[in-house]
Visitor: 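Mind looking over this structure? Questions follow.
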Amino acid sequence: MARYLVVGSGATGVHFAQTLLERGQTVELVDVGFERPPAPHPDADFPKLKDLLDEPERYFLGDEGRDVVYPAPDAKPYGFPPSKGYVFRRPGEVSIVERGFSPLVSYARGGLAEAWTGGSYELRDEELAEFPFDGAALRPHYATVANRIGVTGVADDLKRFSPFTAPYLEPLPMDPHSAWLHARYDRRRQSLNAAGFHLGRSRVAVLSRDLGERRACGELGRCLWGCPRGALYTPSLTLADLVSNPNFTYRPGLFVRRVLTAAGQRAVGVVAVPVGGGAEVELRAERVVLAAGALATTQLYLQTWAALGRTDVALPGLMDNRHVMIPFVNLRRIGRDVQLASYQYHMLAMAIDTGDWRRDVHGQVSALKAAAVHPIVHSLPFDLRTSLRVFRRMRAALGVANIWLSDTRRSENVARLQVDRDGAARLVLEYGDDSSDLPATHQAIARTRAALGELGCVAPGGMARILPRGSSVHYAGTIPMGDADLEHTTRGDGRVRGFDGLYVVDGAGFPWLPAKNLTFTLMANATRIASELD
Amino acid sequence: MTAGALPPLVVTGASGFVGRRLVAALRERAARSATPRDVTLLVRDPAVLASFGTLPPHWRAVRADLAAASLAADAIPRDSVVLHLAAATGRLNPAVMRAVNVDGTGRLTRAARDAGAAHFIFVSSIAASFRNRRWYHYAEAKLAAEHLVADAGLPFTIVRPTMVFGAGSPVQEGLERIAAGGLPVVPGSGNVRVQPIHVDDLVAALLALADAPPPTGATIEVGGGERCTLRDLLAHMRAARGLAPRSPWSVPLAPVRGMLGAAETIIGTRLPVTAGQLASFVNDSVAAPNALVDRLLPHPRPLAAILARPDAPTSGFVAAQATDSADQALAAEFGIFARYLGRAAPAARATTAYVASHPSVGASPDTLDLWLVAVASRSTFGCALADSYARLARPQGTLRRKLVLTLAVLESSPVVHAAYDTARPSSAASAWVALAALGGGWALRTACAVAVFAPLHLAASVAGRERQRG
Ligand SMILES: Cc1cc2nc3c(=O)[nH]c(=O)nc-3n(C[C@H](O)[C@H](O)[C@H](O)COP(=O)(O)OP(=O)(O)OC[C@H]3O[C@@H](n4cnc5c(N)ncnc54)[C@H](O)[C@@H]3O)c2cc1C
Ligand code: SF4
């Protein structure tokens, strides 16, 4: 029997496990663990891949065109390709009631970060104010994680907003459009900074040099479809390393239903069912660690209470960053060429200083490179042929700023369980207050558009999209860490109050959600907890 | 007269739909007859000449562009019968229509008179008899030409055929498309009366007339063996194809014709149909009874014989082929859509991918949507118009979804993807000029699309409401 039973192989779970293993502990990791299909033609770049594949249409559009992004009232200008289908596949048992909240959940080997864009930002000391530990306690773990996964970054204007303490790799060379914007920012820094706008290189979990088996980014432009070189970090890469450790057992194919408890609410294992069907099994360990992603961890926690006879537990404080997409056109780049074979995601990040660190806005700016073009073309306001021609002339000028606002725990935003008559439990995610931060959101949009204007870009107001709540995929807040001895909270070391031997180490434990993408902090925090457990 | 007893024949418009059949009939006669006849084909385009192959003895071809001033002095032999079939039809602007149909006819009649022709047979059109010729430049031109012929001072007969059917008939093809198309519609009330004639019957009548003694000048209307309403005609066409009967809705044409007419004055005749061409749906196209015609063509073919399709499949076969032909329809529309988007015919593999991916488009019960798809899958131009309107009225509709799928397939296909997924680099100046031109073209197309489809859209929603009420 392993000492630790970890649920989930996402960014949180694998780094928690790795630290424990480095400390000589035994770890068993249970996971649904849908697997990533192998990347075809690993050396081919994006354009060449289309020429080499036997059935490129199926690779890019899915069986029967299922992954074509059609015009729809709330269509995003991108979709996940079939090769990422495994990331968002749900086992039959999963059923979520969504009220004002559209979540993405993952049951993949590696979790949601199999599809992430790698943005990795350290939090400022003050941003940890509500956490039961300070910045100094977390910094070493940012460093540990950065060494493990490789994060590129530069100490630039954004250092004020995101400390630069971990060992960062050299950044990848910028694409011409990003470089153009950066140069223009350099020239107009004074007035932009005066308006509170700051720009710098995004910090990205991508390799600019080889690391172990993983190879440096080869500028293939296939990041969205699945990096074939392992340059863009995904947690399944760490998992693949862990399985060779004799103290580690990986148990995929199991869907965990709840925590198994003994007298005195002592966690002694989990109850799971094989994903392919079959009888319930019990897995036992001395300690049970929930790292199933904030939402799934919340569900496991609620189901554990339900098995103890409490089906009425409601967890307030569900958080997700307000997420806005602001497409823009850089008028001076109209008519230029675009290199499709280049790193596909953001190379620039931005911050808006609002004078109150709690409300500072964080963003990432991406120049359009390799992409599925049909979703973008059909969003233009012309007939499709004209739109296609306009698009090709303007392709080098297009980009998008994704911005996020911080979120706080509010009583209206709740997770709870709905138990049907047949005993089946469904997770209810209800985001009741989706409007109190709208004024701040509109202000952030206006300031971003103004700054883009100063950078020579036009960001049509009508095209800025406030995405539905849930879209940032930064979930947190349901079982928060804190020093106060309250029900449904955890201690600073992840231990869930009211239980013995039960830990929550993912985003469910975050008491506040900064605007910055949280995954780097998720990994660092999991590492922090794992390194402090006795 | 150089040979035989029959007067020499001069034929214009030999390469047209009727002309080809007439030439074929003449050839057959020449092959059978012991007494050869002088035949002169007046052709505009020398390239057309080649398509006739070697001409029989005593035949000749003479170049003559009726729209241009000169006609060779010896083009028309003395005492000949002139069969004037040449005409400009279809989507042409009024000036071209006039130059060929009126001025050209005037030139030919004068030349015929000067050459001492014995009989000038002018093949006009039943459209010249239409009461409502508004916007129908063709009908106007034919009528004006009739007057020229009548006033030219030479023996003449004016022949007005009704709708001429037979393999290769543009009118018939158009109507068959309406009859067999996805949309159960009939243009106009459907109650106008028609009397289609088979092309070979018309040819027989014309040749009989050419052989008869010169009349004193008459205007005769020649039609087929049966009259019926347009609605019935469409039903017969469906039956002839083995398709199930249906009761189509009528589409009010007055507003459409009005809008088309107005649009034509602004943008000329770049529309898929002209206001004039729709005239056939609001006017009766039947031939007035005439004793001469009864003699020339005693047994015109009845409708069933005209519409008979030697290759008509049996219904069992149709069922067996249903999915196949559905796929073929998808393949065909993809061909149009791909050419619309990329100006190039798609590769077979892309077509297969489109058909395989098409289930993701989904079905739509929306009438306007279906109309837009029906128009778009006819031609790239129809597609441009329909897409322009769809962007406004049905941005998430079936047509747009089909076009988005087309783009998605093309941008994923080997080699051709580069024409879709790359930038089109140029100097900034030419990019801006191109963008301005694209914007202008878009505005114009959208204006036309609104002119054409808004009335249909209105009619569809009225019809839809009435259906709901009924
Ligand atoms: C498109 C996209 C882009 C993103 N970009 C960024 C970015 O740039 N920067 C950033 O910081 N973040 C980004 N994110 C968010 C990031 O991916 C998540 O924050 C992160 O993956 C969360 O990791 P996790 O380990 O906490 O949970 P998850 O990734 O959700 O992992 C959950 C794991 O638990 C397992 N599991 C869950 N329930 C059960 C169960 N009942 N039984 C057994 N196993 C279970 C799953 O199989 C999975 O392995 C992005 C996300 C997406 C989708
Ligand atoms: S460009 Fe993207 S897909 Fe290609 S090697 Fe770099 S990270 Fe991987």
Side-chain angles (χ1 to χ4, degrees), chain A residues 46-73 75 79 331-340 368-375 377-398, chain B residues 337 340-343 349-350 352-354 356-362 380 383-391 395-397 400-401 403-415 417-432 434-435 438-439 441-442 445-446 449:
Chain A
F46 175 70
K48 206 169 293 144
L49 185 60
K50 293 181 177 179
D51 296 337
L52 290 179
L53 284 168
D54 283 340
E55 290 186 294
E57 297 91 350
R58 180 175 289 189
Y59 180 78
F60 288 101
L61 307 176
D63 286 337
E64 299 198 332
R66 239 169 268 150
D67 295 288
V68 174
V69 180
Y70 286 110
L331 298 180
R332 288 177 184 74
R333 289 193 50 82
I334 283 175
R336 303 286 183 95
D337 202 359
V338 179
Q339 183 60 256
L340 299 188
L368 182 71
K369 285 158 280 180
V373 309
H374 67 274
V377 171
H378 75 58
S379 69
L380 299 182
F382 315 106
D383 61 85
L384 207 69
R385 179 166 70 175
T386 305
S387 297
L388 175 63
R389 281 162 178 62
V390 167
F391 169 76
R392 292 192 64 206
R393 296 279 185 181
M394 307 213 316
R395 202 186 201 294
L398 300 180
Chain B
F337 297 165
Y340 161 63
L341 283 180
R343 294 200 200 286
R349 57 159 306 119
T352 312
Y354 177 82
S357 306
H358 195 270
S360 63
V361 167
T380 53
C383 193
L385 275 193
D387 183 27
S388 300
Y389 195 70
R391 185 66 184 91
Q396 290 138 29
R400 297 259 310 156
R401 291 171 70 85
L403 291 171
V404 166
L405 176 61
T406 303
L407 175 58
V409 165
L410 292 173
E411 71 161 307
S412 308
S413 287
V415 189
H417 62 82
Y420 303 88
D421 73 350
T422 59
R424 176 141 184 227
S426 66
S427 71
S430 44
W432 280 106
L435 286 173
L438 285 166
W442 165 75
R445 252 192 322 278
T446 303

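Basis for what follows: all heavy atoms, side chains included, without hydrogens, waters or symmetry-related copies. As the structure is a prediction and not an experimental result, all values here were calculated from the model.
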Visitor: May I have the step-by-step check of side-chain contact (heavy atoms from CB on, under 4.5 Å) for Val377(A) and Tyr420(B), ending in yes or no?
Guide: CA-CA 10 Å; Val377(A) 171; Tyr420(B) 303 88; over 6 Å; no
Visitor: For the candidates Leu61(A), Val68(A), Leu368(A), which exhibits the highest count of non-hydrogen atom pairs separated by less than 4.5 Å from chain B?
Guide: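 Answer, by heavy-atom pair count under 4.5 Å with chain B: Leu61(A).
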Visitor: Sort Arg66(A) into side chain, backbone, both or neither according to what part of it lies under 4.5 angstrom from a heavy atom of chain B.
Guide: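 For Arg66(A), the backbone is the part near chain B, not the side chain.
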Visitor: Test side-chain contact (heavy atoms from CB on, under 4.5 Å) on Phe382(A) and Leu438(B); report intermediate values, then the result.
Guide: CA-CA 10 Å; Phe382(A) 315 106; Leu438(B) 285 166; over 6 Å; no
Visitor: Counting only non-hydrogen atoms closer than 4.5 Å, does Leu435(B) touch chain A with its backbone (N, CA, C, O), its side chain (CB onward), both, or neither?
Guide: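 When you check distances to chain A, only side chain atoms of Leu435(B) fall under 4.5 Å.
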Visitor: Closest heavy-atom contact between Glu411(B) and Val373(A)?
Guide: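 Heavy atoms of Glu411(B) and Val373(A) come nearest at OE1-N, 2.8 Å.
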Visitor: Could Arg385(A) and Asp387(B) be called an ion pair, given the rule that one side-chain N must be under 4.0 Å from one carboxylate O?
Guide: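 Not counted as a salt bridge, because no side-chain N and carboxylate O are separated by less than 4.0 Å.
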Visitor: Shorter than 4.5 Å, heavy atoms on both sides: which option in Ala418(B), Ala408(B), Ser430(B), Ala428(B) has the most such pairs with chain A?
Guide: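 Greatest number of close heavy-atom pairs with chain A: Ala408(B).
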Visitor: Between Ser427(B), Ser360(B), Ala390(B), which shows the greatest number of heavy-atom pairs under 4.5 Å with chain A?
Guide: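 Most heavy-atom pairs under 4.5 Å with chain A: Ser360(B).
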Visitor: Flag the one option from Pro381(A), Ala371(A), Ala372(A), Pro47(A) with the top tally of heavy-atom pairs under 4.5 Å to chain B.
Guide: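 Most heavy-atom pairs within the cutoff with chain B belong to Pro381(A).
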Visitor: For the interface with chain A, which of His358(B), Arg401(B), Arg400(B) has the highest count of heavy-atom pairs at distances below 4.5 Å?
Guide: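 Looking at each of His358(B), Arg401(B), Arg400(B) in turn, Arg401(B) comes out on top.
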Visitor: Name the option with the most non-hydrogen atom pairs under 4.5 Å to chain A; the candidates are Gly439(B), Ala423(B), Cys383(B), Ala431(B).
Guide: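 Option with the top pair count is Ala423(B).
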Visitor: Out of Ala353(B), Gly397(B), Pro414(B), return the one with the most heavy atom pairs under 4.5 angstrom to chain A.
Guide: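 Most heavy-atom pairs under 4.5 Å with chain A: Pro414(B).
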Visitor: Which one wins on heavy-atom pair count under 4.5 Å against chain B: Leu384(A), Thr386(A), Val390(A)?
Guide: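 Greatest number of close heavy-atom pairs with chain B: Leu384(A).
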Visitor: So, His374(A) side chain and Val69(A) main chain: donor-acceptor pair closer than 3.5 Å or not?
Guide: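 Side chain of His374(A) to backbone of Val69(A), a donor-acceptor pair under 3.5 Å: yes, one is there.
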Visitor: Thr446(B), Val404(B), Leu410(B), Thr406(B): which one forms the most heavy-atom pairs within less than 4.5 Å of chain A?
Guide: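 Maximum pair count with chain A is reached by Val404(B).
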Visitor: Given that the side chain runs from C-beta out, which part of Arg424(B) has a heavy atom under 4.5 Å from chain A: side chain, backbone, both or neither?
Guide: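 Both the backbone and the side chain of Arg424(B) come within 4.5 Å of chain A.
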Visitor: Under a 4.5 Å heavy-atom cut-off, does chain A meet the side chain of Ala356(B), its backbone, both or neither?
Guide: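 Just its backbone gets close to chain A.
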Visitor: Grab the two heavy atoms, one from Ser387(A) and one from Leu380(A), that are nearest each other, plus how far apart they are.
Guide: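 Nearest pair, atom of Ser387(A) first, then Leu380(A): O-CD1, 3.4 Å.
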Visitor: If you measure from CZ on Arg393(A) to OG on Ser426(B), what distance do you get to the nearest 0.5 Å?
Guide: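 The distance works out to 5.0 Å.
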Visitor: Taking the side chain from Arg392(A) and the backbone from Ala419(B), do they hold a donor-acceptor pair closer than 3.5 Å?
Guide: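 The answer is yes, because a donor-acceptor pair under 3.5 Å joins these two groups.
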Visitor: Tell me, side chain or backbone of Leu388(A) under 4.5 Å from chain B's heavy atoms, or both, or neither?
Guide: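 It is the side chain, since no backbone atom gets that close.
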Visitor: Could you walk me through whether Val361(B) and Tyr70(A) pass the side-chain contact (heavy atoms from CB on, under 4.5 Å) test, one step at a time?
Guide: CA-CA 8 Å; Val361(B) 167; Tyr70(A) 286 110; 3.5 Å; yes
Visitor: Using non-hydrogen atoms only, which part of Leu52(A) is less than 4.5 Å away from chain B: side chain, backbone, both, or neither?
Guide: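 Neither part.
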Visitor: Check each atom of Ala449(B) against the heavy atoms of chain A and say whether the ones under 4.5 Å are side chain, backbone, both or neither.
Guide: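 For Ala449(B), neither part sits under 4.5 Å from chain A.
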Visitor: Pick one of side chain, backbone, both or neither for Phe46(A), based on which atoms fall under 4.5 Å of a heavy atom in chain B.
Guide: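 Only the side chain of Phe46(A) comes within 4.5 Å of chain B.
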Visitor: For a quick test of reading the model, state the closest non-hydrogen atom pair linking Asp383(A) to Arg445(B) and the distance between them.
Guide: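 In this case the closest contact between Asp383(A) and Arg445(B) is OD2-NH2, 3.5 Å.
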Visitor: Would you call Ser413(B) and Lys50(A) a side-chain contact if the rule is heavy atoms closer than 4.5 Å?
Guide: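 No. Closest side-chain heavy atoms not under 4.5 Å.
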